[in-house]
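Working notes for the structure below.
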There are 2 protein chains.
Amino acid sequence: MAGAAGARRSRSTGRVTLADVAQAAGVSPITVSRALRGERAVAPELCERVRAAAAALGYVPDPAARALASSRSSHVAVLIPKLSNTLFVDLLDAVQNTLVPAGYQTLIGVTHYSAAEEEAALRSFLAHRPAGLIVTGSDRSAAACALIDGSGVPCVRVMEVGREEGGYSVGFSQRDAGRAITQQLLDSGRQHIAYVAAQLDPRTLERGEGYAAALAHAGLADRTNQVLSAEPSSMALGGAMLERVLLDAPQTDAIFFCNDDLAQGALLAALRLGIAVPGRVAVAGFNDLPGSDQMLPPLTTVATPRREIGAQAAQMLLKLMRGQPVDAPHLDLGFQVVRRASA
Amino acid sequence: MAGAAGARRSRSTGRVTLADVAQAAGVSPITVSRALRGERAVAPELCERVRAAAAALGYVPDPAARALASSRSSHVAVLIPKLSNTLFVDLLDAVQNTLVPAGYQTLIGVTHYSAAEEEAALRSFLAHRPAGLIVTGSDRSAAACALIDGSGVPCVRVMEVGREEGGYSVGFSQRDAGRAITQQLLDSGRQHIAYVAAQLDPRTLERGEGYAAALAHAGLADRTNQVLSAEPSSMALGGAMLERVLLDAPQTDAIFFCNDDLAQGALLAALRLGIAVPGRVAVAGFNDLPGSDQMLPPLTTVATPRREIGAQAAQMLLKLMRGQPVDAPHLDLGFQVVRRASA
DNA sequence: CTGAAAGCGCTTACAG
DNA sequence: CTGAAAGCGCTTACAG
């Protein structure tokens, strides 16, 4: 006797449901579901009626209900090592730009370069039944790999090209890139080239291998000088490492830094200390980050296609999630040596 | 006759469910649900048994089922203008760091400083029934506000303190900060101070108001010189704007840039052009971004508490989502003028 | 090409 | 403090 009808036991959320659209269009809910998803053939005329009704009512499918019924959400989990590196933020941005218009939502997991954190993130994300997965690099614990494989969730690895590991990957050869920039230094007449790296992830190490290979190829294997620091990368650290290298190995006439932030810091430190670049020492970086072209002198570096990697990986994942064939499971997007005045 | 039992009509996903835990613990599913969520009183002994069973079975609650049943997901949508600004990435990182351990997932929406994009993002996110919302700034379309209010989803605004707008906010006074750094310039004896800004969002404009107020207070209202560009902020633009200002208004002896990237670019351009800083012109920035302390000379700027803003906003949202009282709905976290050698 | 039934895995709203 | 029933809003698996 409380008033209008339907006021008992109602858990209704007030939202427009599939059933509402079905009623308005004069068809069954399943038909609405199929028409709206474009799944299976629905008579064109019905299709039209359903779309019109959905639009008129302002129907928005409930992702939770859809996920529960289909046991697959509209989420794509993206695992990156850090948010403080422009590289990964650019990658993420590009991924989002192609996934969001396709109706997917991105879930970000930051792993801090830790295998344990990656595993934990994977475990938690997989519980959300993501439709897809994008992970950084090819190096991960066996447990993490098992988690991914066992889940059956399509996964694309980014930044490196991992043909050997199977699966799907989009990136470029870190080794070749390291080799190319070192070769550039050699070509400009440098003989005592050091490789300075921080935040020793596998990609950093691979660039070091490329560096060593270039020296070996030039018959300078005995002059290899890799200065590695496990500290996080920063401009301040770059400056400090420049000083250290020139102190420990004064004959050094060129330094290849594993990342532009280190190189930018080194350039600024050189300016402060009155060390001529490239006169006394040539400086090269990696990634072509914002600001590298503004340095004094402008920084010679390797431009990496992180945005395109993100876009292509997302595109590949889209195909996998839709069950469409992927013609090339491993995409090598290359890199570009950008010669500026610092080397 | 196909073999083992239970092979018909099964849509089972193989995952461990609440029912499995209930059976193992010898209680009803609702009791498990309550014990695990800590909702309502459950006998301590039962609670323990349930926890043990859940752990033994490796039970992970299904977020989709939970969202559908409770009409509230474990997602928090965060709307920021851009991913290319370190400021917002730091904010995001801090938000994630406090929300993820609390069991929430962050959904990122990038609005590109566009009211229309913000509205669209809001519409799409709200369909996901987020548990909470974090949005940047207090300026948004009436439609966007209506969307937020109408949804009933708890929302915290960040970066500015918006007591007037009601609701909840965490940030600092952009106006006061602009005023403080300008005062710093005045105190060091500068008389012809320009304010140079790009990417004219409301906060940038507020800083400009603070700048104007400081000049007015010093009796220099007639020397106000605001040079505004709607272009996106960048180091290169900062260099170009420095040149333009010194050309158009040669008497200028100090420039307050609305963001450190512009200021850093200006500093580098000054070095390139042989313009003495602070001798010929003092330079100040805003935000204290990475690299500002490495510049030549190091950049005087305003350190903004973006990480703490993110953390506190997340904390506040956590309370709102749990229905707990929030003692201070508007948190002013302040800022700090960092005096270095450029001004 | 269309539909009636059942179910996805939880929580709400009532009882006791 | 505990539970049996119903329901959240979709899609799957069968039929026709």
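Order of the sequence lines sets the chain letters (A, B, ...), proteins ahead of strands, with each chain counted from 1.
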>> Pair B:V27, B:V32 - check side chain to side chain contact (heavy atoms under 4.5 Å, CB included), show working.
In response: CA-CA 7 Å; B:V27 297; B:V32 175; 3.7 Å; yes

Check this one for me: any side-chain N or O of [X] less than 4.0 Å away from OP1 or OP2 of [N]?
X: B:T31; N: D:dT2; value: no
X: B:S71; N: D:dC8; value: no
X: B:S28; N: D:dG3; value: yes

Specify the separation, in whole Å, of atom [atom1] of [X] and atom [atom2] of [N].
X: A:L68; N: C:dA6; atom1: CG; atom2: P; result: 18 Å
X: A:E45; N: C:dC1; atom1: CD; atom2: P; result: 14 Å
X: A:R72; N: C:dC8; atom1: CZ; atom2: C1'; result: 14 Å
X: B:D20; N: C:dG9; atom1: CG; atom2: C1'; result: 10 Å
X: A:H128; N: C:dC10; atom1: NE2; atom2: C1'; result: 14 Å
X: B:Q23; N: D:dG3; atom1: CD; atom2: C1'; result: 16 Å
X: B:R49; N: D:dC1; atom1: CZ; atom2: P; result: 16 Å

>> Given 3.5 Å as the limit, does a donor-acceptor pair link the side chain of A:S70 with the main chain of A:R66, or not?
In response: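 Yes.
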
>> Tell me whether A:H112 contacts the main-chain N or O of A:E118 through its side chain, where contact means a donor paired with an acceptor under 3.5 Å.
In response: no

> Taking the six-membered ring for Trp, are A:H75 and B:H75 parallel (under 30°), tilted (30 to 60°) or perpendicular (over 60°)?
Replying inline: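 If you compare the ring of A:H75 with that of B:H75, the planes turn out tilted.
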
Counting heavy atoms from C-beta on, name the nucleotide in [options] closest to the side chain of [X].
X: B:R34; options: C:dA13, C:dC10, D:dT11; result: C:dA13
X: A:R66; options: D:dT11, D:dG3, C:dT2; result: D:dT11
X: B:S33; options: D:dG9, C:dT2, C:dT11; result: C:dT11

>> Heavy-atom nearest nucleotide on DNA chain D for A:R37 versus B:L46: which residue maps closer to 5'?
In response: B:L46

> Are side-chain heavy atoms of A:D93 and B:K82 found at a separation under 4.5 Å?
Replying inline: no

